[in-house]
Amino acid sequence: MATWLITGAAGFIGSNLGAHLLERGETVIGLDDFSTGTRDNVDRLAASAGARFRFHEGSILDPALVARSLLGVDVVVHLAAQVSVQRSFEDVAYTNAVNVAGFLEVHGAAEKAGVQRFIYASSCAVYGDNPALPLREETPPQPLSPYAVSKLVNEQYAEVLRLRCDKMDAIGLRFFNIYGPWQDHRGGYAAVIPRWIDACLRGERPIVFGDGGATRDFCFVGDLARVIETIGHNGAGGNFRVFNVGTGVATSLAELYAAIVGALGARGVKPPPEGPLHQPWRAGDIVHSRGSVERLRREIGIVPSTDLATGIGRILEEQYGLRP
Ligand SMILES: NC(=O)c1ccc[n+]([C@@H]2O[C@H](COP(=O)([O-])OP(=O)(O)OC[C@H]3O[C@@H](n4cnc5c(N)ncnc54)[C@H](O)[C@@H]3O)[C@@H](O)[C@H]2O)c1
């Protein structure tokens, strides 16, 4: 058993990862400033684990707080970030402060504290709209937003900082479209699955941009948590320091809508009879995205495989109490 620090523990991925690790008997320390995360997410973790969960409220930009949070920690999972692509254009300096300076703060402090493994969230956004699918880790990055630049810079810093200290293993995970319970459905920046589920439950028509033909690689958050747990305990094999985390499967938005409607129908919820509301494709949005999971399979030996119907079912049950 290890002691884990999760930055961004009040967020969607952080709280699901925390719950997974606590269920496995690990000790988890959370750090979050609640800029997008919620107190409810932290309260759920605290309620489930008692003394094996501790929480520090504050920013990753506060060196004293970061140092305090790292006491006794074996593995850091650095998830805290300014996560919105749109906001990264509106507020480049803030995005850079949290995503680049914040990364360096946590990375440097972890190194000093003698942490063994430092696992951090990169993103499939580093690939931009490269049409060479599936996207492999070797595919040249082509960031199209300040957010994507910040994630790529994290990878580059992690690589060169190994020259300073090779005792801490830093591993970057390029998450594809992660979904699961407690993902925020509010606001213009919300991801598509929580937005559509919320709309259907309110009897409103979900908005689909384009004709529904755009595709994404949707990965269930519980699968991501298992990948992180495995790397935290066993490392990543030493050959590579960056991995895609997705399913390798492309799902069109039309198929996604059908899966949501099917999962709701199985639980007695009828979607709006008029179907989704189609709006014009938004300029700049990536049309097709799918990751190669071969490196993950080969080096880590675990590949996300929860199918969409099961994953959506888990959201409806855990978050909304809707059972078939
Ligand atoms: N959800 C996805 O599909 C996806 C895809 C690619 C990458 N990622 C990355 O995964 C990570 C987690 O994303 P998420 O979807 O859970 O988003 P989220 O917004 O739910 O979680 C981010 C958390 O970081 C916290 N945070 C932000 N700034 C902070 C600061 N200065 N100090 C302390 N805490 C701070 C927020 O309050 C929030 O709880 C992010 O790094 C994101 O870029 C997510």
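Order of appearance sets the numbers: ligands from 1, and atoms from 1 within every ligand.
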Test log, rule side chain to side chain contact (heavy atoms under 4.5 Å, CB included), inputs Ser289 and Tyr127: CA-CA 9 Å; Ser289 164; Tyr127 294 114; over 6 Å; no
Any chance you could lay out the ring pair (Phe, Tyr, Trp, His ring centres under 6.0 Å) test for Tyr179 and Phe220, step after step, and finish with the verdict? CA-CA 5 Å; Tyr179 73 98; Phe220 186 62; 5.6 Å; yes
Determine the interplanar angle of the Phe55 and Phe34 rings, folded into 0 to 90°, and report it as parallel if under 30°, tilted if 30 to 60°, perpendicular if over 60°. tilted
Select all protein residues for which some heavy-atom-to-ligand 1 distance is less than 4.0 Å, and list them by chain and number. Gly8, Ala10, Gly11, Phe12, Ile13, Asp32, Asp33, Phe34, Ser35, Thr36, Gly37, Gly58, Ser59, Ile60, Leu79, Ala80, Ala81, Val83, Val98, Ala121, Ser122, Ser123, Tyr147, Lys151, Phe175, Phe176, Asn177, Ile178
Test your reading of the model: is there a side-chain donor-acceptor pair from Tyr147 to the backbone of Phe89, 3.5 Å cut-off? no
Taking atom types as modelled, find out whether Ser59 and Asp62 have a side-chain donor-acceptor pair closer than 3.5 angstrom. no
Any residue meeting salt bridge (Lys or Arg N to Asp or Glu O under 4.0 Å) with Asp198, in chain and number order, not counting sequence neighbours: Arg202
